[in-house]
Every structure is written in C-alpha cells, then in structure tokens.
Amino acid sequence: MKLYKIMKKPPFFLSASHWMTKEDHPIKSGPNSRQAVIIPLLLIQYGSIRAKAKTMTKLRKYFISSLKEMIVSAKSLKNNPHLGKKEIDAQTLKDMENYVHELGISGIGYTKVNPNYIFNDFEILYDNAIIITMEMKKEPIASSSSLEASKEIFRTYEALGIAVNKIADFLRDRGYDCHPSPAIGGDINTVPTAQDANLGYVGKNGILITPEFGPCVRLAAVFIDVDNLPLAKENEHKWIEAFCKTCNRCVKSCPAGAIYEEPKQLHDGTHVYIDLHKCAPPFSEGCSNCISHCVFTGGNYHKIKEVYEKRNHV
Ligand code: SF4
Ligand code: SF4
C-alpha cells in the first residue's frame with residue numbers, strides 16, 4: 001500500500017483550499033495535472049530505518065519549522081487586503097526584488113502558471129507567479145551521501161518556507177493579494193513552472209539547472225493578483241535538454257539506478273525522470289549524487305554552453 005498515493009493532499013489545515021473563502025475564485029488543476037508527492041510520506045514509507053532514526057533527531061527542527069511555515073502560508077490567505085490592486089509599479093517591483101535577495105534568494109522569475117502544473121485536486125488563488133530559487137551550498141551537497149547533505153536540502157526547504165511568507169507579507173503590506181506556496185507542501189510542480197519563468201531548464205536528474213548554480217537549488221512560488229508582471233517570453237536554456245542526452249553523468253552516479261536514461265513522457269507535457277521508490281532509500285540517507293555529480297554544479301554554465309555550441313556548430 002503506497003502511503004503517498006493514498007494521502008494525495010496534506011491534511012486540511014495545511015491545505016490552501018481550506019482557507020479560501022466564498023469570495024475567492026481559485027484556479028483549479030488542469031485535466032492532465034499530476035498527483036503531488038508528499039516527500040515526508042515517501043521517506044517514511046521507503047526510507048531506510050537507520051536513516052529514519054537519524055532523521056528524527058538531526059533533521060527534526062527543519063521538519064517542524066517547514067510544517068509551521070506551511071500552516072502560516074495556508075492560513076495567511078485570509079490576510080489578503082482585497083483592495084483590487086492589479087498593477088505593480090516599477091519601483092515596488094524593484095523594492096520587492098531587493099527584499100527577496102535580502103532573504104537569501106538567488107534567482108527570481110515571472111510566469112503564468114499552466115493549470116496542468118497545479119497538482120491534481122489542488123487549487124491556487126492567482127495564476128501570475130513569482131518563482132524563486134535558493135542556492136544549496138555546494139560543500140555539504142558534495143559530501144553526498146551524508147547527513148550534512150540532508151541538512152542542507154532540508155535547510156533550504158525551511159528557508160524557502162520562511163521566504164515565501166515574508167514576500168507575501170511584503171506584498172500584502174503594499175495592498176496586493178497573494179498566495180505563498182512553500183517548497184515543501186507547495187501547490188504546483190515548480191520545476192516546469194520555473195522553466196516557463198526562464199530560470200533554467202530541467203536536466204536528466206529531474207532538477208532545474210540554473211545558469212548560476214546548476215541543479216544546486218530548491219524552488220518555491222508566490223502567486224499574485226497582478227496583471228502586469230514582467231513575464232518571461234521564452235526559455236533560453238533549452239539547449240540543456242540536448243546536452244543531457246550526451247552526458248548521462250547523473251544516471252551513472254545514482255547508487256539506486258533510479259534515474260531513467262529515457263525520461264517518461266506525461267500527459268501534462270512534462271516528463272518523469274526519477275523512479276521515486278528506488279530513490280527514496282538513498283535519498284533518506286542524504287544522497288544527492290545527481291546534484292553533486294552534475295557537470296553544471298561547478299557553476300560552469302557559460303563555458304559548457306560555449307563548448308557545446310562549438311562542437312555542435314550551433
Ligand atoms: S538522490 Fe541519489 S538515489 Fe535519488 S536519484 Fe539522485 S542520485 Fe539517485
Ligand atoms: S549530470 Fe549531465 S545528464 Fe545529468 S542533469 Fe547534469 S548535465 Fe544533465
């Protein structure tokens with residue numbers, strides 16, 4: 001019996017839908033949207049016993065804090081000012097971006113949310129999205145598999161949970177309605193959405209590869225009721241898809257053989273890259289080989305692109 005397949009949504013008090021009112025007009029998941037995977041449940045069921053014991057003691061503070069931030073995000077919907085402010089001026093946008101970077105966020109992008117990227121049976125209040133990335137420090141990730149790598153992954157989950165709530169407060173103080181969506185317990189598939197926001201491109205390891213930090217990032221979103229965000233028009237990182245076909249380093253580095261050499265196509269237009277059942281036991285023990293071994297983790301994006309283009313006469 002697959003726990004994470006039975007429990008398709010977080011408990012009601014953690015779900016944004018529970019805190020929406022009759023006046024809200026949420027956007028529902030599209031016909032081809034995929035089911036959310038609640039990572040802690042996956043780890044509880046498939047993680048190793050040794051790792052579970054370690055996790056409970058060493059990562060407990062991150063889990064508890066992430067859970068608290070999920071509750072804050074969901075409950076905060078009732079704090080929307082409902083002033084009907086639908087345009088953001090250049091100065092406020094600049095101030096928000098400066099504030100976002102002060103919170104330790106590495107990248108920021110804007111896009112419309114494809115309803116098929118809203119998890120099945122989930123809903124969001126607005127479809128204009130601010131997508132944020134946060135760097136995971138390379139040193140602990142490079143120590144994979146290790147507790148240090150796990151700590152860094154869950155530190156960024158926690159920090160992103162805090163960040164989306166602070167960004168939402170910042171925007172609400174200026175009269176905007178919004179819906180923060182944390183990294184753990186979020187409402188959408190953030191990887192293809194970040195791709196739409198031109199923040200990077202999904203690699204064969206299933207993670208967004210960014211120009212700044214490669215796949216060494218985690219993602220989260222804030223949905224906002226504003227019609228004039230500077231939405232990304234195209235994705236300039238698409239070449240990564242062809243590059244990954246010639247690389248396969250992450251596939252070879254995976255101790256569980258969990259990365260598909262040929263990703264599986266889904267109805268929502270995205271792909272499945274990882275067999276989660278196979279990945280969960282090593283992941284619960286701090287495996288992040290698919291990040292640490294990725295050629296982009298060294299931060300050589302532009303160099304790699306230059307060589308690739310020369311070799312392929314692009
Ligand atoms: S986290 Fe480890 S086990 Fe999971 S896909 Fe990456 S390399 Fe494989
Ligand atoms: S290791 Fe290679 S194949 Fe895997 S995601 Fe990185 S670039 Fe793509």
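Only heavy atoms go into these numbers, but all of them, side chains included; no hydrogens, no water, no symmetry mates. We count ligands from 1, going down the list as the structure has it; atoms in each ligand are counted the same way.
Residue N248 has at least one heavy-atom neighbour below 4.0 Å for each of these atoms of ligand 2: 3 (S). The ligand atoms of ligand 2 that sit less than 4.0 angstrom from a heavy atom of F243 are 7 (S). Taking every heavy atom of K204 and a limit of under 4.0 angstrom, the matching atoms of ligand 2 come to 3 (S), 5 (S), 8 (Fe). Against a heavy-atom cut-off of under 4.0 Å, N205 is close to the following atoms of ligand 2: 5 (S). Taking every non-hydrogen atom of P282 and a distance limit under 4.0 Å, the qualifying atoms of ligand 1 come out as 3 (S). Listed by number with element, the atoms of ligand 2 under 4.0 Å from a non-hydrogen atom of F296 are 7 (S). Taking every heavy atom of V295 and a limit of under 4.0 angstrom, the matching atoms of ligand 2 come to 7 (S).
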- Item | side-chain contact (heavy atoms from CB on, under 4.5 Å) between I153 and I141, intermediate numbers included | CA-CA 8 Å; I153 289 167; I141 294 298; 4.0 Å; yes
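The shortest non-hydrogen separation linking V251 to Y260 is CG2-O, 4.5 Å. Considering every non-hydrogen atom in both Y273 and N205, the closest pair reads CB-C, 4.3 Å.
Ranking the protein heavy atoms by distance from atom 1 (S) of ligand 2 puts C250 N, 3.3 Å first. C294 SG, 2.4 Å is the protein heavy atom nearest to atom 6 (Fe) of ligand 2. Protein heavy atom nearest atom 8 (Fe) of ligand 2, with residue, atom name and distance: C244 SG, 2.3 Å. Among protein heavy atoms, the minimum distance from atom 4 (Fe) of ligand 1 is reached at C279 SG, 2.5 Å. Scanning all protein heavy atoms for the shortest distance to atom 2 (Fe) of ligand 1 gives C287 SG, 2.3 Å. Distance from atom 7 (S) of ligand 1 to its nearest protein heavy atom, with residue and atom name: C290 N, 3.4 Å.
For atom 2 (Fe) of ligand 2, the N/O/S atoms of C247 include one lying under 2.8 Å. Distances from atom 8 (Fe) of ligand 1 show that C254 has an N/O/S atom below 2.8 Å.
The pair R155-E152 meets the salt-bridge criterion, with a side-chain N (NZ, NE, NH1 or NH2) lying under 4.0 Å from an Asp/Glu carboxylate O. Ionic pairing of K305 and E309 is present here: one or more N-O contacts between side-chain nitrogen and carboxylate oxygen are shorter than 4.0 angstrom. Here K238 does not pair with E236 in a salt bridge; the nearest charged N to carboxylate O distance is not below 4.0 Å.
Heavy atoms of I209 come nearer than 4.0 angstrom to ligand 2 in at least one pair.
Under the 3.5 Å distance criterion, the side-chain polar atoms of D24 are matched with a main-chain donor or acceptor of T21. In this structure a side-chain-to-backbone donor-acceptor pair under 3.5 Å is missing from D196 to T111.
Applying side-chain contact (heavy atoms from CB on, under 4.5 Å) to D225 and the options H179, H82, K86 leaves one that passes, K86.
Cation-pi geometry between K85 and Y176 is met: under 6.0 angstrom from the ring centre, within 45 degrees of the axis.
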